[in-house]
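If you read the sequence from its start, that first residue is 1, and numbering goes on from there.
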Amino acid sequence: MRTKTSTVVREQPTFIEAARRTQIVAAATETIAELGYINASLAQIAKRAGVSKSVIGYYYATKDELVRAVVDTFYVAGHVEMMRRLEGAPSATELLQRYITSNLAYIAEHRSETRAIGDIVANFRGADGLPVYQIDDAEPLIQGTAAIFDWGRQAGEFRQLDSRIVAVILRSAIDAFGQQLSANPELDIEKYTREMTDFFLQAARKTT
């Protein structure tokens, strides 16, 4: 999902300011994960962060601005981590396998953050009453995923599939894993990852 960053422009933060922002964003994420976006007030976030509400106001003028920072932080960190895990894959098949296992591992390692993001996407509304994060925001992510299938098809590893359709299906399955994990904390992650990886590799593989 492409994030929509705030239009507020500030000077480059100092180390202390950056650390404070990180602290506040982390507290906001944990509060939203526990209470939900609607019930997570700035006062509750401030209490969890161990600061006054006015301190949050110094860094983030509104709850909306803070929530956007939560989403931006999650997706930027996830992108950096995914790039690290996917780097150097020698084939499309290997890249697809790494892509699935890395995404599921990242979600499993960041359960609170994933739960918070899911609640924000579902409930964050703009002044017009419409969701702030729309389905079109996922398009860059869909295109990046489709590129894996394009590579595999062109390299002769994958069958002649519709890369975009399969990418949408895969991203939906990854999102569903986060929902399943939230509903069932005891979910067998290893088995889930193995079954999902095998399913998509078999679905994409070129048959003779």
Side-chain angles (χ1 to χ4, degrees), residues 1-10 12-13 17-38 40 45 48-49 56 59-87 89 95-96 98-126 130-149 164 167-182 189 193 196:
M1 181 173 64
R2 183 176 68 251
T3 60
K4 300 178 180 179
T5 55
S6 170
T7 57
V8 175
V9 178
R10 298 181 187 272
Q12 188 70 20
E17 288 175 332
R20 182 67 80 186
R21 284 180 181 274
T22 299
Q23 176 191 9
I24 293 170
V25 166
T29 303
E30 293 167 5
T31 304
I32 294 170
E34 179 181 338
L35 303 177
Y37 163 77
I38 294 174
I45 294 170
R48 186 180 290 268
I56 292 182
Y59 293 97
Y60 300 99
T62 64
K63 177 182 174 180
D64 285 2
E65 186 182 340
L66 174 55
V67 169
R68 291 175 188 273
V70 168
V71 175
D72 290 347
T73 298
F74 177 80
Y75 280 101
V76 169
H79 176 75
V80 171
E81 181 62 18
M82 287 303 103
M83 292 301 98
R84 184 187 68 79
R85 297 185 186 195
L86 300 179
E87 184 178 9
L95 181 59
L96 179 58
R98 289 191 197 181
Y99 183 80
I100 296 170
T101 58
S102 296
N103 270 277
L104 300 195
Y106 187 80
I107 291 171
E109 293 162 5
H110 299 83
R111 300 190 189 198
S112 292
E113 295 94 326
T114 301
R115 186 162 56 252
I117 296 302
D119 200 73
I120 290 169
V121 170
N123 295 296
F124 188 15
R125 297 287 190 273
L130 297 176
V132 170
Y133 296 105
Q134 304 275 348
I135 192 169
D136 289 347
D137 295 317
E139 191 58 33
L141 188 56
I142 295 299
Q143 291 177 4
T145 306
I148 299 174
F149 295 106
R164 189 181 187 285
V168 170
I169 295 170
L170 175 52
R171 287 308 315 177
S172 297
I174 290 171
D175 290 342
F177 170 71
Q179 297 165 4
Q180 289 295 314
L181 193 58
S182 179
I189 297 172
T193 301
M196 184 169 164

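A pairwise comparison of heavy atoms in I45 and A40 identifies CD1-O, 4.4 Å as the closest pair. Closest heavy-atom contact between S112 and A33: O-CB, 3.3 Å. Considering all non-hydrogen atoms of both residues, A108 and L181 come closest at CA-CD2, 3.7 Å. Taking every heavy atom of both residues into account, A49 and A27 meet most closely at CB-CB, 3.5 Å. Considering every non-hydrogen atom in both A146 and A167, the closest pair reads N-CB, 3.6 Å. Counting all heavy atoms, side chain and backbone alike, G126 lies closest to V132 at N-CG2, 3.5 Å.
Separation of atoms CD1 (I148) and CG (L96) is listed at 6.0 Å; rounding is to 0.5 Å. Once rounded to the nearest 0.5 Å, the distance linking CD1 of I120 with CZ of R115 reads 12.0 Å. Between atom OG1 of residue T62 and atom CD1 of residue I56 there is a gap of 11.5 Å, rounded to the nearest 0.5 Å. Atom CG of N123 sits about 13.0 Å away from atom OH of Y133, to the nearest 0.5 Å. Note: E34 CD to D119 CG = 12.5 Å, rounded to the nearest 0.5 Å. How far CD of Q143 is from CZ of R164: 7.5 Å, rounded to the nearest 0.5 Å.
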Expected list for residues 170-178: side-chain donor-acceptor pairs under 3.5 angstrom, two or more places apart:
from: R171; atom 1: NH1; to: Y99; atom 2: OH; distance (Å): 2.8
from: R171; atom 1: NH1; to: N103; atom 2: OD1; distance (Å): 3.2
from: S172; atom 1: OG; to: V168; atom 2: O; distance (Å): 2.9

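Residues passing the salt bridge (Lys or Arg N to Asp or Glu O under 4.0 Å) test with E109, sequence neighbours excluded: R85. The ring pair (Phe, Tyr, Trp, His ring centres under 6.0 Å) search around Y106 returns F74, H110, not counting sequence neighbours.
For the pair D64/F124, a side-chain contact is recorded, criterion being any heavy-atom separation below 4.5 Å from C-beta on. Looking at heavy atoms from C-beta onward, I117 lies in side-chain contact with V70 at the 4.5 angstrom threshold. E139 is not listed as a side-chain neighbour of Q134, based on a closest heavy-atom distance of 4.5 Å or more.
Of the residues I32, T29, V71, the one that meets the side-chain contact (heavy atoms from CB on, under 4.5 Å) test with E113 is T29.
For R98 and E87, the salt-bridge test fails: no basic side-chain N is under 4.0 Å from an acidic carboxylate O. Salt bridge R68/E65: absent, no basic N to carboxylate O contact under 4.0 Å.
A cation-pi arrangement is not found for R125 relative to Y37, the charged atom failing to lie both closer than 6.0 Å to the ring centre and inside a 45° cone about the ring normal.
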Q | Trace of the salt bridge (charged side-chain N to carboxylate O under 4.0 Å, His left out) decision for E81 with R84 | A | CA-CA 5 Å; E81 181 62 18; R84 184 187 68 79; 2.5 Å; yes

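At most 12 non-hydrogen atoms from other residues, nucleotides or ligands lie less than 6.0 angstrom from CD1 of I135.
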